[in-house]
There are 2 protein chains.
Amino acid sequence: MSRRARIRRLEGPILSSVAGVFSVLSEPTRLQILQLLGEGSLSVSEIVTALEMKQANVSKQLGILSQAGLVGRERDGANVRYSITEPMIFELCDLVCGKLRKDAEARIASLK
Amino acid sequence: MSRRARIRRLEGPILSSVAGVFSVLSEPTRLQILQLLGEGSLSVSEIVTALEMKQANVSKQLGILSQAGLVGRERDGANVRYSITEPMIFELCDLVCGKLRKDAEARIASLK
DNA sequence: TTGACATATTGCTATATGGTGATATGTTCC
DNA sequence: GGAACATATCACCATATAGCAATATGTCAA
């Protein structure tokens with residue numbers, strides 16, 4: 001067995017984990033929630049109001065974000081407050097935004 | 001209309017675009033292909049051999065990567081060579097890997 | 001042109017999941 | 001305890017898509 005084959009095989013589960021994180025970030029709804037939480041911790045109902053989404057859906061998406069370790073959960077009386085635990089996600093988004101901007105500029109330049 | 005509402009509305013399409021890029025990166029198969037291409041440009045059949053995947057599927061995933069502007073296509077006789085056009089994706093993967101490593105270490109520490 | 005090979009596309013199935021209404025669980029206050 | 005509110009979960013539908021076999025398209029060599 002070659003060294004290369006061994007390395008790739010071992011990296012399989014890691015690749016799946018990486019893909020899983022990207023998968024969590026691949027829904028506009030969840031990005032909206034993360035963006036909102038970027039300004040500070042919020043309760044579920046505050047998110048529901050701000051984003052005009054159904055409570056069930058917000059809860060569900062928060063569960064997915066929480067499971068992925070991107071946001072944290074904290075009881076606050078009858079409410080539950082969520083907050084960002086991985087500021088790294090904003091670096092990720094910034095990198096992608098930079099690429100999109102570059103692509104858009106290239107498209108404009110090609111029309112001149 | 002509040003300034004905040006206007007800003008969020010305008011950002012809707014951008015958020016969707018960002019989510020789209022993450023979506024392309026959310027499949028282990030595509031990450032495998034990108035990882036392989038990170039070592040240099042390869043033809044479709046070389047990728048098929050290296051990753052032991054069906055040709056139809058490799059072609060399909062390359063199409064998705066290409067459409068997203070992450071890889072470039074270049075005819076080379078009867079073959080077609082693909083190569084990375086966005087080294088940024090490796091930064092993205094590194095950031096995510098760092099998070100996963102941190103999570104794993106935290107889990108280990110909590111068991112001590 | 002024809003044959004051999006490389007790549008792309010098509011039609012399909014199976015699976016995953018976002019969003020929803022209904023309902024369950026948890027929390028506070030009386 | 002019971003009412004009122006906040007959050008989570010359940011069951012469901014609709015949609016998206018990975019992977020596949022079959023086939024179409026593209027390229028070269030003879």
Side-chain angles (χ1 to χ4, degrees), chain A residues 12-13 15-37 40-83 85, chain B residues 12-13 15-37 40-83 85:
Chain A
L15 269 187
S16 289
S17 300
V18 173
V21 173
F22 285 133
S23 180
V24 170
L25 297 174
S26 71
E27 280 298 317
T29 295
R30 287 193 284 267
L31 291 183
Q32 260 185 291
I33 293 175
L34 289 173
Q35 184 175 266
L36 194 59
L37 289 178
S41 74
L42 290 172
S43 69
V44 176
S45 54
E46 285 170 329
I47 298 173
V48 168
T49 301
L51 301 182
E52 296 176 359
M53 293 169 51
K54 303 285 178 180
Q55 181 268 322
N57 195 26
V58 170
S59 238
K60 187 173 180 172
Q61 306 308 328
L62 283 169
I64 292 170
L65 290 168
S66 173
Q67 178 105 17
L70 301 182
V71 305
R73 220 187 94 105
E74 180 190 9
R75 263 235 171 258
D76 177 23
N79 298 344
V80 174
R81 303 186 69 79
Y82 285 87
S83 54
T85 55
Chain B
L15 270 188
S16 290
S17 300
V18 173
V21 173
F22 285 133
S23 180
V24 170
L25 297 174
S26 71
E27 280 297 319
T29 294
R30 287 193 285 267
L31 291 184
Q32 257 185 294
I33 294 175
L34 289 173
Q35 185 175 265
L36 194 58
L37 289 178
S41 74
L42 290 172
S43 69
V44 176
S45 54
E46 285 171 329
I47 298 173
V48 167
T49 302
L51 301 183
E52 297 177 358
M53 293 170 50
K54 302 286 178 180
Q55 180 269 323
N57 194 26
V58 170
S59 238
K60 185 174 181 174
Q61 304 310 327
L62 283 169
I64 293 170
L65 290 167
S66 173
Q67 178 104 18
L70 301 182
V71 306
R73 219 188 95 103
E74 179 190 9
R75 262 235 170 258
D76 177 22
N79 298 344
V80 175
R81 304 186 69 79
Y82 285 87
S83 54
T85 56

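Convention: sequence-line order gives letters A, B, ...; per-chain numbering from 1. Only heavy atoms go into these numbers, but all of them, side chains included; no hydrogens, no water, no symmetry mates.
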Report task. Report which part of the nucleic acid B/I47 touches: base, sugar-phosphate, or nothing (heavy-atom distance under 4.0 Å, all strands). Result -> nothing

Next item on the list: Examine the base of D/dA8 for any acceptor or donor lying under 3.5 Å from a partner atom in the side chain of A/Q55, and report the outcome as yes or no.
Entry: yes

To the nearest angstrom, the CG-P distance between A/L62 and C/dG19 comes to 12 Å

Interatomic distance, CG@A/L37 vs CZ@A/R81, rounded to 0.5 Å, equals 10.0 Å

Rounded to whole Å, CD1 of A/I64 lies from P of D/dA8 at a distance of 13 Å

Correct closest heavy-atom pair for A/G69 and A/T85 would be O-OG1, 2.9 Å

B/L42 CG to C/dT7 C1', in whole Å, measures 15 Å

To the nearest 0.5 Å, atom CG of A/L70 lies from atom OG of A/S83 at 12.0 Å

Among C/dA8, D/dG19, D/dT7, the one nearest any side-chain atom of B/V80 is C/dA8

Can you confirm whether A/I64 sits close enough to A/Q61 that some side-chain heavy atom of one is under 4.5 Å from a side-chain heavy atom of the other? yes

Rounded to whole Å, the NZ-P distance (B/K60 to D/dT17) equals 10 Å

Walking DNA chain C from its 5' end, the first of A/E27 and A/A56 to be reached, judged by nearest nucleotide, is A/E27

So A/V18 and B/L31, side-chain contact (heavy atoms from CB on, under 4.5 Å) or not? Walk me through it. CA-CA 9 Å; A/V18 173; B/L31 291 184; 3.9 Å; yes

To the nearest angstrom, the CD1-C1' distance between A/I33 and D/dT7 comes to 14 Å

- Query: Does a nitrogen or oxygen in the side chain of B/R73 sit under 4.0 Å from OP1 or OP2 of C/dT7?
  - Reply: no

B/L65 atom CG is separated from C/dA8 atom P, nearest whole Å, by 12 Å

Check every strand shown and say whether A/S45 touches a base, only sugar-phosphate, or nothing at a heavy-atom separation below 4.0 Å.
sugar-phosphate

message = Looking at C/dG19, I'd like to know if its phosphate oxygens (OP1 or OP2) sit under 4.0 Å from a side-chain N or O belonging to A/T29.
response = yes

| message | Whether B/Y82 contacts C/dA6 is assessed here as follows: a side-chain N or O lying under 4.0 Å from the phosphate OP1 or OP2. Is that the case? | response | no

Heavy-atom nearest pair, B/S23 first then B/R30, reads O-NH2, 3.3 Å

In whole angstroms, the gap separating P of C/dT10 from CG of B/N57 amounts to 16 Å

In A/I47, A/L62, A/V48, the residue satisfying side-chain contact (heavy atoms from CB on, under 4.5 Å) with A/L42 is A/I47

*Do the side chain of B/Q61 and the base of D/dA18 come within less than 3.5 angstrom through a donor-acceptor pair of N or O atoms?*
no

With 3.5 Å as the limit, what N/O pairs link the protein to nucleotides 26-30 of chain D?
| from | atom 1 | to | atom 2 | distance (Å) |
| --- | --- | --- | --- | --- |
| D/dT27 | OP1 | B/R75 | NE | 3.0 |
| D/dT27 | O3' | B/G77 | O | 3.4 |

Here the pair of heavy atoms bringing B/S43 nearest to B/N79 is CB-CB, 4.2 Å

Here the distance between atom P of C/dA8 and atom CE of B/M53, to the nearest Å, is 13 Å

Winner on side-chain proximity to B/R30, out of D/dT7, C/dG21, D/dA18, is D/dA18

